[in-house]
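The basis for the numbers below is simple: all heavy atoms, side chains too, and nothing from hydrogens, waters or symmetry mates.
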Amino acid sequence: MLMRSQPAGLPPASDQLVVLIKEWLVRLKSANVKKFKSVDDSTSIRIEEDVTALVGKNESGKTAVLQAMYRLNPLTSGHPTGFEELRDYPRRYRSRDKKVIPTVAPVSMEFELDDTDIATFESKFGQGTLVKESDGESPAQSLTVEVSRRYGNQSMFFGPLADEVAMIRGRISNAGLSLPKYEKKTYKDTIAALKESTAEGAKKLGADLEEEDLPRQGQNLLRGLLPKFQYFDEYNMLPGSVSIRRLQGQDEDDLEPDERTALALLRLAGVEQEEFTEAEYESRKAALEAAANQLTDELFEYWTQNDDLSVELDIEFRPVKPASASHVQPPPEPWLQIRVRNQRHRVTLNMSERSKGFVWFFSFLAAFSEFADETRRVILLDEPGLNLHAKAQADLLRYIDEKLAPHHQVIYSTHSLFMIAPDHIERCRTVEDLDNNGTKVSEDVWSARPETVFPLLGALGVEMSQTLIIGGHQLLVEGPADVTYLSIVGQVLQEAGGRGLDPRWTVTPVGGIDKLPTFVALLGSSDLDIAVLMDGASGGNQRLTQLVNRGLLDAKRLIPITDITDSTEADLEDLFEVDWYLSLLDKSGVGKLTASKLKGGGRIVKRVEAALGRPFDHYQPAAWLLRDNTDTVAALSDEAKARFQKLIDRLNVLLP
């Protein structure tokens, strides 16, 4: 196996390997930070496919977690890219752990390769050299690879990865040699058997394979597939002025973070290597203006605060004092001047004197533009938009969702309630610095301290105030269609002498099953009586089950619809007869289907979507039923009415 004890260095992979990389499909799945600054062990952090938000108060360790992630496979940003014991190792453990520090991995990550990545690897090293994961029920489609970095070492370390013997099995066969004779349990022993052979062909193959070091080549190939990490924080914001001579003459790894962003601006303009002289002033200024206009145009797609602003770049030539022993006047030094023009007030100011929110947004666009060729990145933003107005923070979230997330994974830290999307609470991970345990990162937002989850409460507050009519007894359902069906069928039951839903219930659609745990956790701390009507598979949502196990929700108040249908999975729509629901879909304009077109079993809405070949608005048929329901409701079967009655009775009995 390719083991962690065999590091793959950071220098670029060979051209031969790069040619094999057609697409960048590797996805960051999880991360773990250990023994780094305030972090003893962050615990495993599950990373979303698009956006993940680290939420915590000041000094909780959010920045430390992002910095450790960045250093796994960094793009230069002016920030440290390696792990240094003196600077980074937790001081309280440094003396105790002195001997083992070089073996400590401050960051380890799991990346998921899909079948295309696996095919890339196996096209070079042979079929079966990578073992795919499978759940036992469906064809295997992915492989998880662990990658880490260590203190004082610039190499990447890979966890168990491939069958090393399988990597050379084809070479032995192709050489006409006997596999049973030479193949051993390990790569090293197999090479030794070849080299010790009396057959010249075997000896030569053994020597060639030892020199080629296929396990290292495999690591290099996979390292080339890994996404690069781009880090950006407030220190990367553009300065008001900066020496062009320093940007061009200094090693870019020695530049400060703000200078590094200024260099990105020069590169966008295509003049990072050009000579800046007074004679070339106009051509250089024209190139800089083009770059500024490009970024400004992109910025104003999402900047809604003040459309009278624009960025102007200019070159100032400052006189340089001659050396003390020389009387020769050196040429003036060119400086890049970055200014912001306000058309409304007809004034320009140095960027350092302008709103930090505007400067942050423009600076990030400049830094982001430099690595446009890196088609797949993990973008790490430390407290983005901290100086932005609440509305501008919403614009930034929209930029992240629309421009970044479709192509890259984004991980950002925040303590601002306006940087949390209330419709995507599942993206949030809480970060807390716990007594004697250091920084911990958790997906269980409801288990964090009140001060940590305060931004989440604030973000949900506005949405909840718009969707909830607070009553003493809350019945949480997945969507508005559930509210409609419970109301209409309940009325039909009452008119027939049965029982409708008790009017003391306030039925609240939360906008999806993923939001149910969050609403339960937030409302459960109040004096409200809460019940949850749960769609989906039998056994339910794992996070809801955790709430029950923690005593935050009475198990009797979690009502799976599968209890009514006596099936493995069900939505409220499954209480209707199939033919009746298909007729409703036809009348409401969703589509015309017959039962024969529905494949397999399971939930009716999923089977319908499979037959249509597309998702549909589940509320559309319910809305039609509200407007014109006389004949359709009259066609409800007695069996369907009985199922609804059973559900409603079970809900009503929960009330005092």
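- We find the CG-OG1 distance between Asn437 and Thr43 to be 11.0 Å, quoted to the nearest 0.5 Å.
- The side-chain hydrogen bond (donor to acceptor under 3.5 Å, both in side chains) test applied to Thr63 returns Asp382, not counting sequence neighbours.
- Here Asp40 pairs with Lys35, Tyr93 under the side chain to side chain contact (heavy atoms under 4.5 Å, CB included) rule; sequence neighbours left out.
- Salt-bridge annotation for Asp395 and Arg398: present, with a side-chain N of the basic residue lying under 4.0 Å from a carboxylate O of the acidic one.
- Listed for the Tyr412 side chain is a donor-acceptor partner under 3.5 Å among the backbone atoms of Met419.
- Atom CD of Glu49 has 12 or fewer heavy atoms from other residues, nucleotides or ligands within 6.0 Å.
- If you look at His408 and Phe368, their ring centroids are closer than 6.0 Å.
- Relative to the ring axis of Phe83, Arg149 does not place its NZ or CZ within 45° and under 6.0 Å from the centre.
- Annotation: cation-pi pair Arg223/Phe158 absent, no NZ/CZ under 6.0 Å from the ring centroid and within 45° of its normal.
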Would you sort out whether Val51 and Leu397 count as a side-chain contact (heavy atoms from CB on, under 4.5 Å), showing the intermediate values? CA-CA 10 Å; Val51 181; Leu397 282 178; over 6 Å; no
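- Residues satisfying the salt bridge (charged side-chain N to carboxylate O under 4.0 Å, His left out) criterion with Arg171, sequence neighbours excluded, are Glu212.
- Between Tyr151 and Pro102, the closest side-chain pair of non-hydrogen atoms is not below 4.5 Å.
- Look at Glu112 and Arg27 and you find a salt bridge, because one of the NZ, NE, NH1 or NH2 atoms lies within 4.0 Å of a carboxylate O, short of that distance.
- The local environment of CD in Glu301 is crowded, with over 12 non-hydrogen atoms from other residues, nucleotides or ligands closer than 6.0 Å.
- For the pair Ile47 and Ala31, the tightest heavy-atom approach, listed with the atom from each and the gap, is CG1-N, 4.4 Å.
- With sequence neighbours excluded, no residue satisfies salt bridge (charged side-chain N to carboxylate O under 4.0 Å, His left out) with Lys356.
- With contacts defined as side-chain heavy-atom distances shorter than 4.5 Å, the pair Leu288/Leu336 qualifies.
- Once rounded to the nearest 0.5 Å, the distance linking CD of Gln230 with CZ of Phe232 reads 8.5 Å.
- Glu298 has no carboxylate O lying under 4.0 Å from a charged side-chain N of Lys403, or vice versa, which leaves the two without a salt bridge.
- Between the side chain of Gln127 and the backbone N or O of Glu122 there is no donor-acceptor pair closer than 3.5 Å.
- Aromatic ring pairs are classed by plane angle as parallel below 30°, tilted from 30° to 60° and perpendicular above 60°; the pair Trp360 and Phe364 is parallel.
- Counting only heavy atoms from C-beta outward, the side chains of Leu295 and Val311 never approach each other to under 4.5 Å.
- Between Glu383 and Lys62 a salt bridge is recorded (basic side-chain N to carboxylate O distance below 4.0 Å).
- Summarising the geometry, atom CD belonging to Gln248 is positioned 8.5 Å from atom OG belonging to Ser243; distances are rounded to the nearest 0.5 Å.
- Residue pairs meeting the salt bridge (Lys or Arg N to Asp or Glu O under 4.0 Å) criterion with at least one partner in residues 233-244, sequence neighbours excluded, do not occur; the list is empty.
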Could you walk me through whether Tyr231 and Leu75 pass side-chain contact (heavy atoms from CB on, under 4.5 Å), step by step? CA-CA 8 Å; Tyr231 182 87; Leu75 292 167; over 6 Å; no
Please step through side-chain contact (heavy atoms from CB on, under 4.5 Å) for the pair Val65 and Leu54, ending with a clear verdict. CA-CA 9 Å; Val65 171; Leu54 304 179; 3.9 Å; yes
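- At a threshold of 4.0 Å, the pair Glu48-Arg427 does not count as salt-bridged, since none of the basic side-chain nitrogens sits closer than that to a carboxylate oxygen.
- The side-chain heavy atoms of Leu299 and Phe358, taken from C-beta on, include a pair separated by under 4.5 Å.
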Test Arg94 against Leu86 for side-chain contact (heavy atoms from CB on, under 4.5 Å), laying out the working first. CA-CA 8 Å; Arg94 187 166 174 263; Leu86 181 61; 3.7 Å; yes
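- Going from atom OG of Ser60 over to atom CG of Leu434 covers 10.0 Å, rounded to the nearest 0.5 Å.
- Taking CZ of Arg71 as the start and CD of Gln154 as the end, the distance is 10.5 Å to the nearest 0.5 Å.
- The closest side-chain donor-acceptor pair between Arg260 and Thr76 falls under 3.5 angstrom.
- At a threshold of 4.5 Å between non-hydrogen side-chain atoms, the residues Lys37 and Asp88 count as touching.
- Remark: Glu164 does not engage Lys188 in a salt bridge, criterion side-chain N to carboxylate O under 4.0 Å.
- Centroid-to-centroid, the aromatic rings of Phe361 and Tyr302 stay 6.0 Å apart or farther.
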Dump the intermediate steps for side chain to side chain donor-acceptor pair (under 3.5 Å) on Thr296 and Ser310, then the final yes or no. CA-CA 6 Å; Thr296 301; Ser310 62; over 6 Å; no
Please walk me through it: do Ser241 and Glu316 pass side chain to side chain donor-acceptor pair (under 3.5 Å)? CA-CA 9 Å; Ser241 61; Glu316 176 189 5; over 6 Å; no
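- Judged purely by atom type and a 3.5 angstrom limit, Gln409 has no side-chain atom pairing as donor or acceptor with the backbone of Val378.
- By the 4.5 Å heavy-atom criterion applied to side chains, Asp50 and Val410 are not counted as neighbours.
- Crowding of Phe300 atom CZ: a count of heavy atoms from other residues, nucleotides or ligands under 6.0 Å exceeding 12.
- For Asp314, the salt bridge (charged side-chain N to carboxylate O under 4.0 Å, His left out) criterion is met by Lys285, not counting sequence neighbours.
- Taking a 6.0 Å sphere around CZ of Phe276, one finds it holds more than 12 heavy atoms contributed by other residues, nucleotides or ligands.
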